[in-house]
Protein chains: 2
Amino acid sequence: MNDESKSSRTRQRILDAAAACFSELGYAGVNLRRIATRAKMKAGSLYYYFDSKDELVEEVIRVGLETAVRATRRAVQVLGPDADPIVKLRAAIAAHLTTILAESDYASADLRILAQLPEPIRKRHMERQRQYGAFWSSLLQRAAASGRLRRDLNLSVVRMLLLGALNWSVEWYSPDGETPGEIAEHLSAMILDGLLAKFTLGARHADDTSSGRREGKGKPRSARSARGRRTWRDRGS
Amino acid sequence: MNDESKSSRTRQRILDAAAACFSELGYAGVNLRRIATRAKMKAGSLYYYFDSKDELVEEVIRVGLETAVRATRRAVQVLGPDADPIVKLRAAIAAHLTTILAESDYASADLRILAQLPEPIRKRHMERQRQYGAFWSSLLQRAAASGRLRRDLNLSVVRMLLLGALNWSVEWYSPDGETPGEIAEHLSAMILDGLLAKFTLGARHADDTSSGRREGKGKPRSARSARGRRTWRDRGS
DNA sequence: GTCTATAATTCGATAGAC
DNA sequence: GTCTATCGAATTATAGAC
């Protein structure tokens with residue numbers, strides 16, 4: 001389906017330009033002239049490759065979702081089928097975050113514009129996303145089945161909140177601050193071990209008493225806190 | 001500043017209509033005709049109260065932010081200055097979530113449209129949001145100062161991720177599923193105590209061994225899981 | 001204050017030259 | 001394949017009657 005041939009790479013160039021534009025400016029802020037300019041063309045020429053703006057937009061978010069799916073699935077698969085389900089979860093979190101923050105304009109565009117899209121497009125896209133949601137559900141359910149998770153929480157709600165923390169990061173992330181990997185470590189630490197100190201009254205204790213924290217590629221640190229990270233959006237309300 | 005007098009309540013009616021429209025349809029999906037119709041007027045009449053669409057929009061998100069700020073601050077204040085900082089945090093989470101999901105079209109509109117707004121408006125609004133961000137920072141810092149929180153995490157990142165989980169809920173929440181209060185309890189449980197079972201190898205244990213979980217108004221339950229909550233958006237990528 | 005026009009602009013989309 | 005030129009629809013904003 002993907003010819004390397006000729007100038008159907010032009011089509012790719014247009015898609016790249018569109019993904020970048022949408023990722024930066026949202027949906028309402030981008031018109032076809034801007035996309036065309038970024039792709040080094042004139043607006044009218046786009047119609048040689050796409051029948052409508054909607055078709056172009058839908059392709060962008062379709063690729064964006066697929067990119068996130070691939071990256072996340074792969075990050076879990078390389079761990080092997082018998083890996084600790086908690087480790088798998090941490091890997092998925094890191095992969096998802098790295099993809100949407102640093103690797104794919106398509107994936108970040110998907111998140112930033114989906115809510116603004118015409119209803120038919122959104123409906124179709126949400127259908128596609130169910131598979132991805134199911135993938136996360138399965139990760140959580142396996143962790144639960146292994147007995148590693150507490151049993152008093154609704155995993156669907158957990159999944160929504162977890163993905164929310166991940167996805168909202170496209171609204172505040174800045175390359176000047178923590179890396180996506182560091183942010184992922186923070187989130188994993190937060191939701192797996194919790195923010196509360198483990199021995200509230202005890203003396204100083206070793207850093208990783210509880211479980212499942214040694215596996216991460218790096219530990220969350222307060223490092224970098226003091227430098228150029230007073231940034232952009234401290235997203236509030 | 002707020003005259004109860006005469007038909008400057010018309011102005012209020014317009015703002016209410018606008019907030020509801022923006023909350024439901026995003027920014028791009030709403031035109032002045034729709035807002036006017038909902039306010040039982042014609043589009044041209046809006047200009048008697050607002051000089052431009054931008055002015056109307058900015059007022060909506062300004063009120064939305066203020067509403068969230070007030071509700072959250074109040075929820076913390078009623079606990080008294082000497083309350084457990086963890087309890088304060090839980091109260092703020094519940095108040096923020098209830099406000100954006102159930103109580104204020106303004107607050108949810110703020111979250112849903114901010115990313116789509118013209119740059120000058122967004123810039124001004126982000127300035128206002130810093131105060132709210134500082135409020136959450138202070139909540140977290142007090143909890144940390146009390147020694148209740150682990151010390152290896154950057155609280156700024158924690159705050160962003162926490163607010164992200166909260167704010168993204170406007171994209172998937174449905175009144176048919178868990179209540180805002182139940183979702184808040186889930187999030188508090190997740191980020192404070194963590195998802196991991198406390199005694200990974202032990203026998204069944206009492207539900208609240210660790211700390212700070214008794215205070216919540218209700219416990220998260222898996223209840224309701226089986227019924228009408230297969231809903232809308234399982235927001236993925 | 002609210003209405004009915006309508007002006008002015010923007011933007012997606014098309015037509016046709018090259 | 002890409003361009004220029006332009007149409008047509010939608011939408012913000014204004015003018016003026018009532």
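Order of the sequence lines fixes the chain letters, A, B, ..., with proteins taken first and strands second; residue numbering starts at 1 for each chain.
- Relative orientation of the B:Tyr132 and B:Trp136 rings is perpendicular, given thresholds of 30° and 60° on the angle between their planes.
- Between B:Tyr47 atom OH and C:dA5 atom P the separation is 18 Å, expressed in whole Å.
- Contact check of residues 26-39 of chain A against DNA chain C (heavy atom, cut-off under 4.0 Å) returns A:Val30, A:Asn31, A:Leu32, A:Arg33.
- When the side-chain hydrogen bond (donor to acceptor under 3.5 Å, both in side chains) test is applied to A:Ser138, the partners found at least two apart in sequence or on another chain are A:Arg142.
- Shown here are the side-chain contact (heavy atoms from CB on, under 4.5 Å) partners of A:Gln77, two or more places apart in sequence or in another chain: there are none.
- With sequence neighbours left out, B:Arg124 forms a side-chain hydrogen bond (donor to acceptor under 3.5 Å, both in side chains) with B:Glu58.
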Please enumerate all protein N or O atoms sitting under 3.5 Å from an N or O of nucleotides 2-5 of chain D, with distances to 0.1 Å.
unit_1: D:dT2; atom_1: OP2; unit_2: A:Tyr49; atom_2: OH; d: 2.4
unit_1: D:dC3; atom_1: OP2; unit_2: A:Lys42; atom_2: N; d: 2.7
unit_1: D:dC3; atom_1: OP2; unit_2: A:Ser45; atom_2: OG; d: 2.7

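- Not a single salt bridge (charged side-chain N to carboxylate O under 4.0 Å, His left out) links B:Arg74 to another residue, sequence neighbours left out.
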Contacts under 3.5 angstrom, residues 28-36 of chain B side chains, donor-acceptor by atom type, not counting sequence neighbours:
unit_1: B:Asn31; atom_1: OD1; unit_2: B:Arg33; atom_2: N; d: 3.2
unit_1: B:Asn31; atom_1: OD1; unit_2: B:Arg34; atom_2: N; d: 2.9

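- B:Leu46 has its CG atom 13 Å from the C1' atom of D:dT11, to the nearest Å.
- A heavy-atom distance below 4.0 Å to DNA chain D is reached by these residues of residues 50-61 of chain B, ordered by number: B:Ser52, B:Lys53.
- Judged as a salt bridge (charged side-chain N to carboxylate O under 4.0 Å, His left out), and not counting sequence neighbours, the contacts of A:Arg38 are A:Glu24.
- A:Glu103 meets the salt bridge (charged side-chain N to carboxylate O under 4.0 Å, His left out) test with no other residue; sequence neighbours excluded.
- Legend: residues meeting side-chain hydrogen bond (donor to acceptor under 3.5 Å, both in side chains) with A:Tyr106, ordered by chain and number and at least two apart, are A:Gln12, A:Asp16.
- A search for salt bridge (charged side-chain N to carboxylate O under 4.0 Å, His left out) contacts involving B:Glu127 returns nothing, not counting sequence neighbours.
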